[in-house]
Amino acid sequence: MTLTLAPGLKIVAATHNPGKAKELAALLEGRFEIVTAGSLNLPEPDETESTFVGNALLKARHAAELSGLIAIADDSGLSVTALDGAPGIFSARWAGPTKDFTLAMKKVEERIEETGSKDRSAWFTSALAVCWPDGGPAVVVEGRVDGTLVFPPRGDKGFGYDPIFVPEGRDLTFGEMEQAAKEAISHRTRAFEKLKAALF
Ligand code: IMP
């Protein structure tokens, strides 16, 4: 089996979030026909693995097996050095069922203060996995961007933990940066660069 993906191929994006599917489609440069797991009514698997890579693989494998299509999935999050890597794979869950990231960012600030650590370093990770329906070898890559956390949060341009994250060598938070400026250096873009090198 070749691991090259032909242009125009139909690929299922293992997400029920149309925003994420759009982002995945944009990063794949309109090269493939993207359908979402949500639009195919595929059930969402529980994210039971303990790493970003493990959860991305689990989601892609699940969608490939159920749809019979090649599947792509991502798993991402913020890791804080002073919190031994938390929230990490639990980044979305720290925002609770209402997806309240103001609350999640406050929780990060309070937890760091509780440790007494002065270390404000953190990093975003994005793992991307591509799986084939016949269970053939999967491709999985990881991208990372390092930075420093600032409180209170600044900016309303991004999403999630963007307003507290200043990437290395910059002054603005991801929440204050234009989308294109963030995309130029983001963990997700870096993961995609690796995926493209492996597959296209
Ligand atoms: P996932 O859907 O399980 O991958 O959840 C990832 C979570 O990590 C998101 O809900 C965000 O809270 C956080 N996250 C991942 N990437 C970013 C980013 O680029 N900016 C801000 N937060 C992010």
Side-chain angles (χ1 to χ4, degrees), residues 13-27 36-38 42-63 71-80 83 85-109 111 121-130 140-168 170 172-193 195:
T15 175
H16 285 67
N17 176 343
K20 221 173 198 181
K22 210 171 134 196
E23 193 172 320
L24 288 170
L27 284 160
T36 66
L42 304 181
E44 268 181 290
D46 289 333
E47 295 181 23
T48 50
E49 293 293 329
S50 58
T51 62
F52 293 111
V53 162
N55 279 328
L57 270 173
L58 176 152
K59 287 188 266 188
R61 186 156 288 134
H62 179 84
I72 182 166
D74 87 322
D75 199 50
S76 56
L78 176 74
S79 300
V80 178
L83 301 180
I89 59 163
F90 301 106
S91 292
R93 282 166 266 186
W94 273 35
T98 59
K99 304 205 185 311
D100 183 346
F101 282 95
T102 305
L103 187 86
M105 290 186 285
K106 190 81 200 143
K107 197 161 151 185
V108 169
E109 181 180 15
R111 293 280 172 89
S121 62
W123 67 98
F124 277 117
T125 302
S126 166
L128 291 169
V130 174
V140 62
V141 294
E142 216 175 46
R144 164 176 172 154
V145 58
D146 287 89
T148 304
L149 299 182
V150 291
F151 300 99
R154 299 186 337 227
D156 57 7
K157 289 199 169 75
F159 68 96
Y161 297 90
D162 278 344
I164 56 171
F165 186 83
V166 177
E168 235 169 31
R170 310 294 167 107
L172 299 181
T173 67
F174 267 171
E176 295 171 311
M177 291 168 74
E178 296 301 330
Q179 194 183 330
K182 176 188 169 185
E183 268 173 22
I185 54 171
S186 85
H187 45 310
R188 208 163 283 107
T189 303
R190 288 177 178 172
F192 259 97
E193 291 305 325
L195 195 69

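Read the numbers this way: they start at 1 and go in the same order the structure lists the ligands and their atoms. Note that this is a predicted model, so its numbers are computed, not measured.
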Looking only at heavy atoms, which two atoms of [X] and [Y] are closest? And how far apart?
X	Y	result
Ala60	Ala73	N-CB, 3.5 Å
Leu172	Pro167	O-CD, 3.5 Å
Asn55	Glu49	OD1-N, 3.0 Å
Leu78	Pro87	O-CD, 3.3 Å

Under 4.0 Å from any heavy atom of [X], which atoms of ligand 1 are there?
X	value
Ser91	7 (C), 8 (O)
Asp75	1 (P), 3 (O), 4 (O)
Gly77	8 (O), 15 (C)
Phe101	10 (O), 12 (O)
Ala92	5 (O), 7 (C), 10 (O)
Asp162	18 (C), 19 (O), 20 (N), 21 (C)

Just to be sure I read this right, does ligand 1 sit under 4.0 Å from the backbone of Phe124, its side chain, both, or neither, counting only heavy atoms?
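The answer is the side chain of Phe124.
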At under 4.0 Å between heavy atoms, is it the side chain or the backbone of Lys182 that contacts ligand 1, or both, or neither?
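Side chain only.
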For atom 1 (P) of ligand 1, what is the closest protein heavy atom, and at what distance to 0.1 Å?
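Residue, atom and distance for the closest contact: Lys20 NZ, 3.4 Å.
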Best match, Phe159, Phe52, Phe165, Tyr161: closest heavy atom to atom 18 (C) of ligand 1
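Nearest option to atom 18 (C) of ligand 1, by heavy atoms: Phe159.
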Are any of the side-chain heavy atoms of [X] and [Y] separated by less than 4.5 Å?
X	Y	answer
Phe101	Pro153	no
Arg170	Met177	yes
Val145	Trp123	no

For ligand 1, which is the ligand I care about here, please tell me if Asp74 has any N or O atom under 3.5 Å from one of the ligand's N or O atoms.
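For ligand 1, there is no N or O atom that lies under 3.5 Å from one belonging to Asp74.
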Enter the distance from Phe165:CZ to Met105:CE here, rounded to the nearest 0.5 Å.
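These two atoms lie 13.5 Å from each other.
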Look at ligand 1 and say whether [X] reaches it with a heavy atom at a distance under 4.0 Å.
X	result
Lys99	no
Phe174	no
Trp94	no

Less than 4.0 Å between a side-chain N and a carboxylate O, is that true for Glu109 and Lys106?
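Looking at Lys106 and Glu109, the cut-off is met.
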